[in-house]
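What follows is a single structure, written as structure tokens, with notes after it.
Here the structure is a predicted model, which is why all the values come from computation and not from measurement.
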Amino acid sequence: MLASFDLLSAFVLFAFVSSITPGPNNTMLLASGVNFGVRRSVPHALGISIGFMLMVLGVGLGLGELFKAWPVLYTVLRYGGAAYLLYLAWKIATSGPMNADTVSSREPLGFWGAAAFQWVNPKAWVMAVGAITTYTPAQGYVVNVIVIAVVFALVNLPSVGIWVMFGSALRNLLRNRRALVLFNVVMAVLLVISLYPLLFVESSFS
């Protein structure tokens, strides 16, 4: 297992800071909390944490080497992810006002969609690669990768949940149609801005 308590403590701090700071996941969860509330956003938050855990396992157990051997696979993933993220931004930007009919008929991003999104999320890749390369000792490597992935998921879930709760707390302030439309457009723009590292920063796999 991880070599020392100090290393584990440092990793938990890294996991918390990287999970709670702004990024595509937290931007979407904030918007989901505003538009759907906490309960309906729970599958989205769970999908992020479980999907990211599987991603860390994949990176730690050799997926990164596969992308190095076949860079075209990562290129396809990058641009497919960009298209999906633009679609999600459009969905947020065009969300209607909150009322009994629209809130009950609209659907938030579900567990599987959120889990799949981790594989095209540039911040998630940085977090996963950083966790494996910085905090995973070589001795007992496979066990350490599993520990890193599980601990990351356990830290990540309450961290991203804070964004859902913050969004839910804003619901009463955003009952006004114009205020909600403005909020959703701003969230969509932030998602589009988050494409910058995905499309214009050179990948370590290329």
Ile132 CD1 to Leu61 CG distance, which is reported to the nearest 0.5 Å: 7.5 Å
Flag, side chain of Ser32 to backbone of Met28, donor-acceptor distance under 3.5 Å: no
Over 12 foreign heavy atoms within 6.0 Å of OH, Tyr141: yes
Any donor-acceptor N/O pair, Thr134 side chain to Gly130 backbone, under 3.5 Å: yes
Side-chain donor/acceptor of Trp119 to backbone N/O of Met55, under 3.5 Å: no
Distance in Å, Phe183 CZ paired with Asn35 CG, rounded so as to fall on 0.5 Å steps: 7.0 Å
Closest approach of Val56 to Ala128 (non-hydrogen atoms, all atoms of both residues): CG2-CB, 4.0 Å
Leu154 CG to Ser159 OG distance, which is reported to the nearest 0.5 Å: 10.5 Å
Any donor-acceptor pair under 3.5 Å from Asn156 side chain to Ile48 backbone: no
Minimum-distance pair of heavy atoms, taken over all atoms of Ala93 and Val185: O-CG2, 4.2 Å
Heavy-atom closest pair, residues Ala114 and His44: CB-O, 3.3 Å
OG-CG distance between Ser19 and Asn26, expressed to the nearest 0.5 angstrom: 8.0 Å
Close side-chain approach of Val145 and Val59, heavy atoms under 4.5 Å: no
Minimum heavy-atom distance between Ala153 and Ser49, given as atom pair plus value: CB-O, 3.8 Å
Validation row: Trp112, Pro43 side chains within 4.5 angstrom (heavy atoms): no
Polar side-chain atom of Asn121 near backbone of Phe117 as donor-acceptor pair, under 3.5 Å: no
Taking every non-hydrogen atom, the tightest pair across Phe11 and Val151: CE2-CG1, 3.6 Å
No-hydrogen, no-angle side-chain donor-acceptor test under 3.5 Å, Ser18 and Lys123: no
Heavy-atom closest pair, residues Phe166 and Leu30: CD2-CD1, 3.4 Å
Parallel, tilted or perpendicular, as decided by the 30° and 60° cut-offs, for the rings of Phe152 and Phe52: perpendicular
Heavy-atom side-chain contact between Trp163 and Ile20 under 4.5 Å: yes
Distance-only side-chain donor-acceptor flag, Asn25 / Gln118, under 3.5 Å: yes
Separation of Ile148 CD1 from Ile146 CD1 (nearest 0.5 Å): 11.5 Å
